[in-house]
Amino acid sequence: MPQKPSLPKGTRDFSPVEVAKRQHIIQTIKKHFERYGFEPIETPSFENSETLLGKYGEEGDRLIFKILNSGDFISKVDDVTYSSKNSTTLAPKITERALRYDLTVPFARYVVMHQNEIAFPFKRYQIQPVWRADRPQKGRFREFYQCDADVVGAKSLLQEVEFVSLYDAIFTDLGLEGCTIKMNNRKILSGVAEVIGAKHHLIDFTVALDKLDKIGEEKVKAEMLERGLSAHAIERAAPLFQMEGDISQQFEQLKKLLSESEIGLEGVIELEEIYNWVEEGGLQTAKLELDVTLARGLNYYTGAIFEVAAPEGVAMGSIGGGGRYDDLTGIFGLKDVSGVGISFGLDRIYLVLEELGLFPEKLTQSLDYLCLNFGGEAEKAAFELVMKLRNQGFRIDMYPSAAKMQKQLKYADKRNVPAVVFLGAEELEKREFIVKNMSSGEQSVGSLDNITATFQ
RNA sequence: GUGGUUGUAGCUCAGUUGGUUAGAGCGCCGGAUUGUGGUUCCGGAGGUCGCCGGUUCGAACCCGGUCUUCCACCCCA
């Protein structure tokens with residue numbers, strides 16, 4: 001009995017139209033990456049487990065897909081480990097490889113391994129799928145694409161400015177106007193933790209703060225208490241909950257709050273400089289905002305942090321993120337290489353563009369013309385015409401058999417062909433053909449002896 | 001990983017307190033129309049009701065398990 005086929009949780013098939021739409025996004029992103037001087041690389045879909053494990057925190061490790069060793073791997077495990085039934089000690093012995101979890105850590109590995117061939121600063125982009133053993137939800141999949149651009153070996157804040165501009169250029173080109181680029185700085189978060197006397201609770205402090213827009217001030221404070229912060233510390237952090245005014249006023253409020261913290265002030269000054277640079281150049285459609293509660297994906301960021309939110313009214317998690325990480329390659333033994341990068345979430349951008357109806361109509365057209373088939377001598381003449389037009393670069397297909405016209409036209413309809421070509425016995429006799437526009441219904445006559453007069 | 005939710009035709013969904021042969025709309029195929037599609041009319045095909053097991057004379061419906069979907073946590077693109 002044949003089994004019913006199914007797809008693993010969190011994965012999807014893509015139809016021709018969906019692939020065309022995804023390619024449209026990818027092509028747009030690539031075009032702008034290259035315009036800004038980034039070069040493409042690719043890395044394997046799986047890495048050695050030790051390359052990935054421990055880089056994303058405990059939570060991240062849990063979400064990494066581990067690949068079972070091949071061969072008789074159980075017999076190689078010692079009895080103590082085997083009988084302990086402890087996944088954390090057993091797993092490393094039977095899974096020596098794992099699917100990549102993002103593109104940044106494999107990139108860091110790449111940089112370290114190829115450091116002698118690379119001309120620094122190295123600007124690379126990478127568009128490949130990543131895998132996470134997460135529980136799927138809307139816009140969260142177990143297999144999804146990331147589109148990353150990073151620069152390593154350049155400490156200048158000019159890099160951050162370029163990335164903001166790149167975000168703006170790409171989202172504008174995709175027709176996705178009104179995106180918000182939220183910006184924060186790890187140094188500000190560290191500084192705040194320092195001045196409120198919660199230096200050792202930095203992570204607890206930021207994780208709770210990050211939820212401000214979602215659960216509100218009271219609940220955030222409650223969570224901070226629960227996470228071990230003192231009431232006094234929370235009280236001192238009050239100005240964070242009351243940031244107001246335009247961005248430069250917010251910078252002033254932060255400076256006041258952080259006046260005792262060298263690192264905190266440094267963070268504010270960095271963002272201020274980025275902001276001033278961006279202001280000078282101007283953005284096309286995106287808005288750059290300061291968001292001191294932004295703290296996600298904090299694991300390896302050390303400086304600026306970015307996150308992009310879709311235009312208002314679209315319920316979707318962030319569609320892009322990034323930041324500066326000063327010592328990512330350090331874990332692989334290469335010190336003092338500063339890096340900064342951004343990422344685009346292809347799958348989420350797709351969902352947003354779909355929801356807003358922003359995909360160009362043209363993408364659903366896979367053919368410029370369909371040539372009908374009337375059989376006999378006309379079929380040969382039609383095939384000849386089709387081949388000539390293909391050689392000229394047109395996307396043209398010929399119906400493979402002399403089926404009823406009704407059927408052939410219905411097929412043209414379904415394929416969303418803008419125009420069909422008729423070349424039957426009647427036309428052949430006069431050395432002609434007819435071109436019918438499928439949306440207007442208009443027909444025009446062309447000459448077989450001068451096809452370029454019709455097709456150009 | 002925790003708690004909840006969902007699954008019936010290709011798609012969107014009905015289906016009464018458990019009771020003969022499980023329905024609709026859209027789509028699909030054929031005809032009206034042998035050289036003109038997207039409109040209309042007529043006809044037709046298509047389902048082991050997610051899967052496995054249990055209760056019952058009898059299960060789409062009740063119970064258990066499992067997979068899937070979506071949601072809230074966790075975390076994140």
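Note that the coordinates shown come from a computational prediction; the quantities given were computed from them, not determined experimentally. Just so we're on the same page: letters track the sequence lines, and every chain starts at 1.
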query = Are A/Lys221 and A/Phe241 in a cation-pi setup, meaning NZ or CZ lies under 6.0 angstrom from the ring centre and within 45 degrees of the ring axis?
reply = yes
- request: May I ask you to say what A/Glu427 touches in the nucleic acid, namely base, sugar-phosphate or nothing, with a heavy-atom cut-off under 4.0 Å?
  value: base
*If the C1' atom of B/U66 is compared with that of B/U56, how far apart are they to the nearest Å?*
23 Å
In Watson-Crick or G-U wobble terms, with both distances under 3.5 Å, the base opposite B/U34 is none
Aromatic plane relationship, A/His24 with A/Phe359 - under 30° parallel, 30 to 60° tilted, over 60° perpendicular: perpendicular
**Request:** Just call it for A/Gly57: base, sugar-phosphate, or nothing, with non-hydrogen atoms closer than 4.0 Å on any strand.
**Result:** nothing
Closest to the side chain of A/Phe422, out of B/G35, B/A77, B/C75, is B/G35
Practice task
Kindly say whether, by distance alone, the side chain of A/Gln408 makes a donor-acceptor pair under 3.5 Å with the base of B/U36?
Solution key: no
task: For nucleotides B/G65 and B/U6, find the distance between their P atoms and express it as a whole number of Å.
output: 16 Å
Pair A/Phe33 + A/Tyr125: ring centers closer than 6.0 Å: yes
Between B/C41 and B/C49, how far apart are the C1' atoms? Round to whole Å, please.
33 Å
SB check A/Arg140 A/Asp347 (cutoff 4.0 Å)
no
Would you please indicate if the ring centroids of A/Phe65 and A/Phe46 are separated by under 6.0 Å? no
**Item:** Side-chain N or O of A/Lys407 closer than 4.0 Å to phosphate OP1/OP2 of B/G30
**Value:** yes
Given protein heavy atoms under 4.0 Å, the one-letter contact record of nucleotides 38-47 of chain B, with B base, S sugar-phosphate only and - none, is simply B---------
| query | B/U2 base to A/Arg135 side chain: any donor-acceptor pair below 3.5 Å? | reply | yes
| said: Ring of A/Phe141, cation from A/Arg12 - is the NZ or CZ under 6.0 Å from the centre and inside 45° of the axis? | reply: yes
- Which class fits the ring pair A/Phe433 and A/Phe455: parallel under 30°, tilted 30 to 60°, perpendicular over 60°? parallel
Between A/Glu223 and A/Gly345, the residue closer to the 5' end of RNA chain B by nearest nucleotide is A/Glu223
Which of B/U36, B/C29, B/A77 is nearest the side chain of A/Lys414? It is B/C29
On the side chain of A/Arg132, is there an atom forming a donor-acceptor pair with the base of B/C76 - under 3.5 Å, no angle test? no
For A/Asp413, the side-chain contact (heavy atoms from CB on, under 4.5 Å) test, sequence neighbours excluded, returns A/Met438
Taking the same atom, C1', in B/U12 and in B/C76, what whole-Å distance lies between them?
32 Å
From CG of A/Asp210 across to P of B/C73 the rounded distance in Å is 12 Å
Rounded to whole Å, CG of A/Leu63 lies from C1' of B/C74 at a distance of 9 Å
Query raised in the report: Do A/Phe344 and the base of B/A77 stack face to face, with centres under 5.5 Å apart and an angle between planes under 30°?
Result: no
If you measure from the P atom in B/C29 to the same atom in B/U69, how many Å do you get, rounded? 30 Å
Any strand, both distances under 3.5 Å, Watson-Crick or G-U wobble: B/G46 pairs with none
Just distance, no hydrogens or angles: give the donor-acceptor pairs under 3.5 Å from side chains in residues 303-314 of chain A, sequence neighbours left out.
none

5'-most contact on RNA chain B (nearest-nucleotide basis), A/Arg348 vs A/Arg62, goes to A/Arg62
Using Watson-Crick geometry (N1-N3 plus N6-O4 or O6-N4) or G-U wobble (N1-O2, O6-N3), each under 3.5 Å, B/G58 is paired with none
Among the nucleotides B/U36, B/C75, B/U68, whichever has the atom closest to the side chain of A/Lys211 is B/C75
Is A/Phe141 touching bases, backbone alone, or none of the nucleic acid, heavy atoms closer than 4.0 Å?
base
Sugar-phosphate, base or nothing in reach of A/Gly322, heavy atoms under 4.0 Å: nothing
Which whole number of Å gives the distance between the P atom of B/C74 and that of B/C63? 31 Å
Classify A/Glu426 by what it touches in the nucleic acid, base, sugar-phosphate, or nothing, heavy-atom distance under 4.0 Å. base
| request: Mind checking A/Ser318 for me? I need base, sugar-phosphate or nothing, with any heavy atom below 4.0 Å counting as a touch. | output: sugar-phosphate
Worksheet item: In whole Å, what separates the P atom of B/A77 from that of B/G15?
Response: 42 Å
Using the C1' atom as the point on both nucleotides, what is the distance between B/U39 and B/U33, in whole Å?
14 Å
